[in-house]
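Data block below; observations after.
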Amino acid sequence: MQISRPRGTSDILPEEARRWRKLENVIHELCRLYGYGEIRTPIFETTDLFLRGVGEATDIVEKEMYTFKSKGKRANSLTLRPEGTAPVARAYLENGLYALPQPVKLYYIGPMFRYDRPQAGRYRQFHQFGAEIFGADDPAADAEVIALAMTFFKKLGLKGLELHLNSVGCPECRPVMREKLVEYFNLRIQECCQDCRNRLVKNPLRILDCKEDSCREIRRGAPSPVDCLCTECGAHFEHLRRYLDLLNIPYHLNPRLVRGLDYYTKTAFEIIIPGAGAQDAVGGGGRYDGLVQEIGGRSVPGVGFALGLERTLLLMLDGAGEVATAPGPEVFVVTAGETRDTATRLVADLRAAGLVADRDYTGRSLKAQMKYAGKLGARYVVIVGEDELRGGRVALKDMEAGRQTEVYLEEMVDFLRRAVGK
RNA sequence: GUGGGCGUAGCUCAGCCGGUCAGAGCGCCAGACUGUGGAUCUGGAGGUCGUGGGUUCGAAGCCCAUCGCCCACCCCA
């Protein structure tokens, strides 16, 4: 039986990897511009981090985590990270980054893992680009993080993305929100779906984004979270909106936007591809002023986002941003007769001189070697033949023009370097 | 967890109601007067027809099971 890759994972082959590389380059460059430092945290963490950070009542924790027992006598429970914010918050705490000048701005790119049924744009191992700001409670920080995300898509030439915005309040006003919602839904809970009946107890806010038709209908007259915000949260939200206006970032107010993770406070946003069907969210984020404290630190405000790279790549397929096919070697060295020793040395010389050089490794005929060089898209072919070698020369063929000349061995590298413009 | 579709060479697929049905194109390898590419021609390698049962004189095509992939639901990235 042949072994195949685990469900929901993928092999990124060279051609595809070039698209990833391009995407990652944009990310690194953009983050440098915005003053974010890269952070790389472990692929797995202590399970507790997510239980406490993400929240026990979330879908992620309830059914999507890859959790396993470590080895050893006092083995603890580990989990393949399902998201990036909690780990980064943990690292911020653990490494004492709160002692750095605040705020601290960090970004990451890497794989995340969630056990779920795969389908278009959804995988068990997927990749996110995320950015976080710790130690800034100013709504301008929220705005910057949103601007960074939106600029990223703009740089990629992706159009038509929508920013959806909401505020989910803080420990101050959240209870009020809860109470009003519970009060409202309690009257008609019998008409709601089973999930929402559970939500009413565990997390009433989430009833607001239930996709069931019946629930949609019922919540029509439901109180809106934004109307329940305390003065501080209300002001924060107002200021954020003003900053977004200043930055010319359009947004849709979406009172039903409630993110799936428990740690969010105040700002919550999502970036949507209109009409993309079920997987229409390319990214999302918000403020999480309680997170650092929740995982055992002092109270540090935070705000950030995460974007799905697979979904971004999917968008880039039908639209701008296609990458050219991989260029072939600048020089391909071919042998005619017993000249392999010389050829071996020449390839090394060419590479040492910074030329993209390759050769044949199968011992095939000259004709076959030429054919191979042609398929690779080699710009020049150096033919190391016994006859030429006797005169201290090699033949040099321009594969585009189809012309061929001879050069002395000593001059070959310089000649080719000039030819390819290096 | 639920529902639907599909599984024939590396890839894209033919193969009608069971009886030259194990094929084509592309790709790969090689050859076409002996040391030269991309065009053309010729040849070659490569398949337990996802797997296991069953029906039948006979199954890639029918039945059952199983696995895998894809799509959709829930939820998210």
Side-chain angles (χ1 to χ4, degrees), chain A residues 1-10 13 54 57-64 81-85 109-130 149 193-196 198-199 206 209-213 215 257-261 270-273 276-285 305-315 328 332-339 360 362-389 394-404:
Chain A
M1 198 55 191
Q2 201 189 3
I3 297 172
S4 49
R5 62 178 182 269
R7 166 181 298 202
T9 64
S10 56
L13 305 179
V54 176
T58 59
D59 274 13
I60 289 181
V61 169
E62 278 181 351
K63 53 182 197 188
E64 295 176 358
R81 64 180 185 197
E83 62 97 45
T85 300
I109 302 175
M112 306 294 162
F113 306 83
R114 292 183 201 171
Y115 179 84
D116 202 342
R117 285 295 282 275
Q119 68 190 68
R122 182 167 66 211
Y123 311 96
R124 289 183 174 181
Q125 175 176 339
F126 61 101
H127 298 75
Q128 288 188 328
F129 152 43
C193 68
Q194 188 53 52
D195 282 340
C196 283
N198 296 334
R199 287 180 182 131
R206 305 223 57 208
D209 73 343
C210 180
K211 309 296 191 285
E212 288 291 326
D213 284 342
C215 302
L257 173 61
V258 179
R259 308 236 60 225
L261 287 63
E270 253 172 31
I271 297 168
I272 308 284
I273 318 151
Q279 273 70 51
D280 64 348
V282 261
F305 68 78
L307 309 176
L309 296 188
E310 280 82 0
R311 288 181 188 180
T312 302
L313 251 6
L314 220 53
L315 281 173
F332 193 87
V333 177
V334 130
T335 57
E338 295 307 310
T339 62
D360 174 68
T362 66
R364 75 241 285 197
S365 69
L366 173 62
K367 188 188 183 72
Q369 291 180 67
M370 290 300 294
K371 204 172 197 169
Y372 182 59
K375 276 176 191 156
L376 287 184
R379 185 68 185 77
Y380 292 93
V381 166
V382 168
I383 300 160
V384 191
E386 286 176 344
D387 296 348
E388 293 90 330
L389 223 45
V394 291
L396 202 153
K397 182 160 187 175
D398 180 331
M399 295 295 272
E400 246 168 56
R403 276 194 299 273
Q404 188 167 320

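Quick note on labels: first sequence line is chain A, next is B, and so on, each numbered from 1.
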Which one is paired to [N], where only Watson-Crick or G-U wobble pairs with both distances under 3.5 angstrom count?
N: B/A30; answer: B/U42
N: B/A24; answer: B/U12
N: B/A72; answer: B/U2
N: B/A77; answer: none
N: B/C62; answer: B/G54

Between the side-chain atoms of [X] and the base atoms of [N], is any donor-acceptor pair under 3.5 Å?
X: A/Arg114; N: B/C75; result: no
X: A/Glu400; N: B/G37; result: no
X: A/Lys63; N: B/G1; result: no
X: A/Gln369; N: B/U36; result: no

Rounded to whole Å, please give me the gap between [atom1] in [X] and [atom2] in [N].
X: A/Glu310; N: B/A77; atom1: CD; atom2: P; result: 13 Å
X: A/Ile3; N: B/C67; atom1: CD1; atom2: P; result: 18 Å
X: A/Glu388; N: B/U36; atom1: CD; atom2: P; result: 12 Å
X: A/Lys371; N: B/G37; atom1: NZ; atom2: P; result: 9 Å

Just the table, please: protein N/O against nucleotides 68-70 of chain B N/O, every pair under 3.5 Å.
{"unit_1": "B/C69", "atom_1": "OP2", "unit_2": "A/Arg7", "atom_2": "NE", "d": "2.9"}
{"unit_1": "B/C69", "atom_1": "OP2", "unit_2": "A/Arg7", "atom_2": "NH2", "d": "2.8"}

Heavy atoms only, 4.0 Å cut-off, all strands: where does A/Gly121 land among base, sugar-phosphate and nothing?
base
Taking A/Arg122 first and then A/Asp116, would you say they form a salt bridge - that is, a charged N and a carboxylate O separated by under 4.0 Å?
yes
